[in-house]
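Every heavy atom of this structure was used, including side-chain atoms; hydrogens, water molecules and symmetry mates were not.
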Amino acid sequence: MRRRRLTLAGLTAAAVIAAGCTMPAFAPRTDAEREATPPGAAPNWQPCPEVADELVGRSAPQMRYECARVQVPRDWSGGGGATAGPGAGQTFDISLIRARSTQQRDRIGSLLVNPGGPGGSGVDTAVYLSFGEQYGGLPDSILERFDIVGFDPRGVARSSPVECISDADLDAVFGFDPDPQSQESFDDLVALGRRIGQGCGDKYGDQLPLYGTEQAARDMDAIRAAVGDEKLSYLGYSYGTLLGATYAQLFPARVRALVLDGAVDPRQGLIEGSEGQAKGFERAFDNFTRWCAANAARCPIAPDARAAVISAIDKAKVSPARSADGREATAGWVFYAVISSLYTESGWQELARAIDQLEGGNPQGVFRLADNYADRDANGRYTNLFDANTAINCADEEERPSLERIRQLQTQWRQQYPLFGPALAVGLISCTEWPGGSDPYPTGRADGAPPILVVGTTGDPATPYEQTPALAEMLGVGRVLTWEGEGHTAYPQTACITEAVDAYLIDLTVPAEGKRCPAR
């Protein structure tokens with residue numbers, strides 16, 4: 001359904017779970033009743049420890065949480081004073097959370113964070129990051145110098161959320177054959193995409209383009225002003241790098257420090273971005289299969305993990321395993337379990353176990369992985385992650401491929417990227433069948449901005465490493481930091497990466513040109 005998707009980068013949520021806490025698939029929306037601050041006014045911060053309690057089961061040690069909502073114009077054209085057109089004179093409410101350490105010293109300002117997606121909750125992410133390095137969050141050196149401010153972008157989670165895709169339709173999308181080869185099956189998928197698009201168009205009409213990235217980047221500047229920072233310090237993952245890059249182009253003189261981790265190349269269209277992901281996931285899967293062959297004691301589907309996975313998907317097309325409640329592990333659910341596991345190297349062993357259990361008729365491991373990716377809870381309810389994901393992605397895209405072109409790409413990419421290519425091709429249907437116009441973001445230099453740190457991981461499946469130098473080059477002030485590791489995003493995975501990013505955020509020290517950090 002998308003070309004950009006991040007499951008909280010795995011860097012925080014998985015670590016919190018491993019520490020004995022739980023992260024619900026359906027995130028709480030506890031600040032929905034807070035009154036929004038009018039544009040230009042200071043936020044009315046109120047204590048909200050319940051957000052951490054509901055997300056993780058407790059607050060982080062020595063951290064205080066406060067929440068607020070700010071109003072922003074729905075349409076920023078004319079400086080936010082649009083007098084005509086969709087959304088003119090109306091506002092969106094943007095939800096914020098501020099995590100502040102009780103040990104704070106020599107405060108630098110706020111560090112605004114975004115986990116990507118598009119559709120990921122920055123409010124949730126700020127909570128996870130606040131748990132500190134011991135649990136996979138931010139280092140104490142950062143927590144003690146910055147307020148960690150998370151925001152849900154417009155249309156996401158608690159911020160005037162886009163909600164127009166039913167749970168049943170999302171089940172159908174994720175469960176669908178990832179490579180529908182017959183024309184009848186392909187047409188069924190098109191009909192599903194058309195039904196979803198029509199429902200969202202009926203509800204939101206000509207305001208759908210207002211959920212695009214440029215509008216959200218302008219919201220970020222309103223947040224910067226609202227929290228009282230003269231210049232922006234920002235940590236963006238995956239799609240969050242696109243938000244950050246857009247901000248830098250719009251407001252270069254208001255940049256203090258931007259860390260863009262898991263870079264998106266803004267100059268890639270839908271087709272180029274989807275092919276890049278097909279290549280990236282294929283490469284990451286090859287890395288998984290090599291690990292499996294070399295670690296047979298930990299990989300029950302060794303020595304040929306690729307054959308085992310392909311066999312599991314093929315079998316699920318004709319005879320899907322059923323769980324105790326009757327839910328079928330169709331080919332689509334098996335495929336998304338594979339996708340989910342490749343976001344972090346720690347997911348490889350879980351995938352191997354899940355495929356092995358599926359062969360024995362038990363689909364629970366597959367559902368656990370796939371549901372984590374889909375943000376689906378045990379009752380079959382979804383967050384609005386994919387409603388927002390589709391609305392934002394499609395608002396950003398000026399050119400959308402025809403169904404005929406998608407069918408051609410499906411065949412072509414099946415040859416080049418056999419496991420992931422067809423699914424990434426047919427995923428383009430979502431924007432082809434999406435109603436409304438577009439509002440493309442800028443793709444140019446950030447002249448006047450200070451150096452911007454662009455971080456890339458060589459084994460990243462979702463934002464392949466090739467996009468890292470491309471984004472740095474486009475901005476003109478980008479400095480590349482490379483992690484020779486696996487999975488999606490790098491900070492704060494190793495001491496080398498952490499030290500380089502921390503020095504940049506705290507002291508504005510830019511890493512040496514060409515700096516590379518080893519996997520371990």
Cut-off 3.5 Å, side chains only: do W76 and D219 have a donor facing an acceptor? yes
Between the side chains of D221 and Y247, is a donor N or O closer than 3.5 angstrom to an acceptor N or O? yes
Check ion pair K515-E499 (N to O, under 4.0 angstrom): no
Tell me, do I392 and V156 make a side-chain contact under 4.5 Å, heavy atoms counted? yes
For G120 against L385, the heavy-atom pair lying closest together: N-CD1, 3.7 Å
State whether the side chain of R224 and the backbone N or O of D229 hold a donor-acceptor pair below 3.5 Å, judged by distance alone. yes
Just by distance, no angles: are the side chains of S77 and D75 close enough, under 3.5 Å, to form a donor-acceptor pair? yes
What one should report as the nearest heavy-atom pair of T457 and A490 is OG1-CB, 3.5 Å
Quick one: does any side-chain atom of R267 pair with a main-chain N or O of A470 as donor and acceptor, under 3.5 Å? yes
Nearest non-hydrogen partners of P153 and S159, listed with the distance: O-CB, 3.4 Å
Output yes when a side-chain donor or acceptor of N114 lies under 3.5 Å from a complementary backbone atom of G122, and no otherwise. no
Distance flag, aromatic centroids of F92 and Y211, threshold under 6.0 Å: yes
Quick one, L232 with M220, criterion side chain to side chain contact (heavy atoms under 4.5 Å, CB included). Give me CA distance, side-chain angles, the key distance, then yes/no. CA-CA 9 Å; L232 180 70; M220 287 169 55; 4.0 Å; yes
Given side chains that start at C-beta, do those of W434 and C200 come closer than 4.5 Å, heavy atoms only? yes
Kindly compute the distance separating CG (L260) from CG (L481), expressed to the nearest 0.5 Å. 12.0 Å
Can you check whether A391's main-chain N or O pairs, donor with acceptor, with Y204's side chain at less than 3.5 Å? no
Does the side chain to side chain contact (heavy atoms under 4.5 Å, CB included) test come out yes or no for R154 and Q215, once each step is laid out? CA-CA 9 Å; R154 56 172 60 202; Q215 298 278 1; 3.5 Å; yes
If you look at every heavy atom in P435 and G201, which pair is closest and at what distance? CG-CA, 3.5 Å
Flag side-chain contact, heavy atom, 4.5 Å: V149 against I97: no
Reported OG-to-CG distance for the pair S121 and D152, which is rounded to 0.5 angstrom: 3.5 Å
Check step by step if salt bridge (Lys or Arg N to Asp or Glu O under 4.0 Å) holds for D387 and K203. CA-CA 12 Å; D387 308 59; K203 185 171 182 178; over 6 Å; no
Quick one: does V113's side chain get under 4.5 Å of Y234's, heavy atoms only? no
Would you call I196 and S430 a side-chain contact if the rule is heavy atoms closer than 4.5 Å? no
Which heavy atom in T246 sits nearest to a heavy atom in A217, and how many Å separate them? CG2-CB, 3.7 Å
Looking only at side-chain N and O atoms, does N393 offer a donor or acceptor that is under 3.5 Å from a partner on T390? no
Give a yes or no answer on whether the side chain of Q467 reaches the backbone of D265 with a donor-acceptor pair at less than 3.5 Å. yes
I need the E144 CD to R107 CZ distance, nearest 0.5 Å. 14.5 Å
Are side-chain N/O atoms of T489 and Y343 paired as donor and acceptor at under 3.5 Å? no
Considering only heavy atoms from C-beta outward, does the side chain of Y65 approach that of R98 to under 4.5 Å? no
Are R516 and W483 in a cation-pi contact, defined as NZ or CZ under 6.0 Å from the six-membered ring centre and within 45° of the axis? no
Note, D502 side chain near Y491 side chain (heavy atom, < 4.5 Å): yes
Pair F174 and F386, ring centroids less than 6.0 Å apart: yes
Report the C-alpha separation of L55 and Y128 in whole Å, then their side-chain angles, then the decisive distance to 0.1 Å, and conclude whether the side chain to side chain contact (heavy atoms under 4.5 Å, CB included) test is met. CA-CA 9 Å; L55 276 173; Y128 298 135; 3.5 Å; yes
Between D396 and T213, is there a side-chain donor-acceptor contact under 3.5 Å, judged purely by atom types and distance? yes
Side-chain H-bond candidate by donor/acceptor type, R256 with S233, under 3.5 Å: yes
Give a yes or no on whether the backbone of S101 and the side-chain of Q62 come within a donor-acceptor separation of less than 3.5 Å. no
Just so I know, are the side chains of I223 and L96 near enough to count as touching, which here means a heavy-atom distance under 4.5 Å? yes
Return yes if a side-chain donor-acceptor contact under 3.5 Å exists between Y239 and T463, otherwise no. no
When you check the gap from the basic side-chain N to the acidic O, do R479 and E473 get nearer than 4.0 Å? no
I142 side, atom CD1; E133 side, atom CD - distance, nearest 0.5 Å: 10.0 Å
Is the backbone of G487 close enough, under 3.5 Å, to the side chain of T344 for a donor and an acceptor to pair up by distance? no
Given I271 and L428, is the side chain to side chain contact (heavy atoms under 4.5 Å, CB included) satisfied, shown in steps? CA-CA 8 Å; I271 292 177; L428 297 168; 4.2 Å; yes
I'd like to know if the side chain of S438 and the backbone of P440 have a donor-acceptor N/O pair within less than 3.5 Å. no
Between the side chains of E275 and K279, is the shortest nitrogen-to-carboxylate-oxygen separation below 4.0 Å, so that they form an ion pair? no
For the residue pair R69 and S95, confirm or rule out a side-chain donor-acceptor distance under 3.5 Å. yes
Can any side-chain N or O of N389 pair as donor or acceptor with the backbone N or O of G119 at less than 3.5 Å? no
Kindly say whether G436 contributes a backbone atom to a donor-acceptor pair with the side chain of D206 at under 3.5 angstrom? no
For residues F288 and F285, establish whether the separation of their ring centroids is below 6.0 Å. yes
Using 0.5 Å steps for rounding, measure from the CZ atom of R145 to the CG atom of L111. 12.5 Å
Value for OG1 (T458) from CZ (R283), rounded to nearest 0.5 Å, stands at 8.0 Å
Is it true that Q249 and R445 share a donor-acceptor pair across their side chains at a distance under 3.5 Å? no
Check A253 against K231 and note the closest heavy-atom contact, atom names and distance. O-CE, 3.3 Å
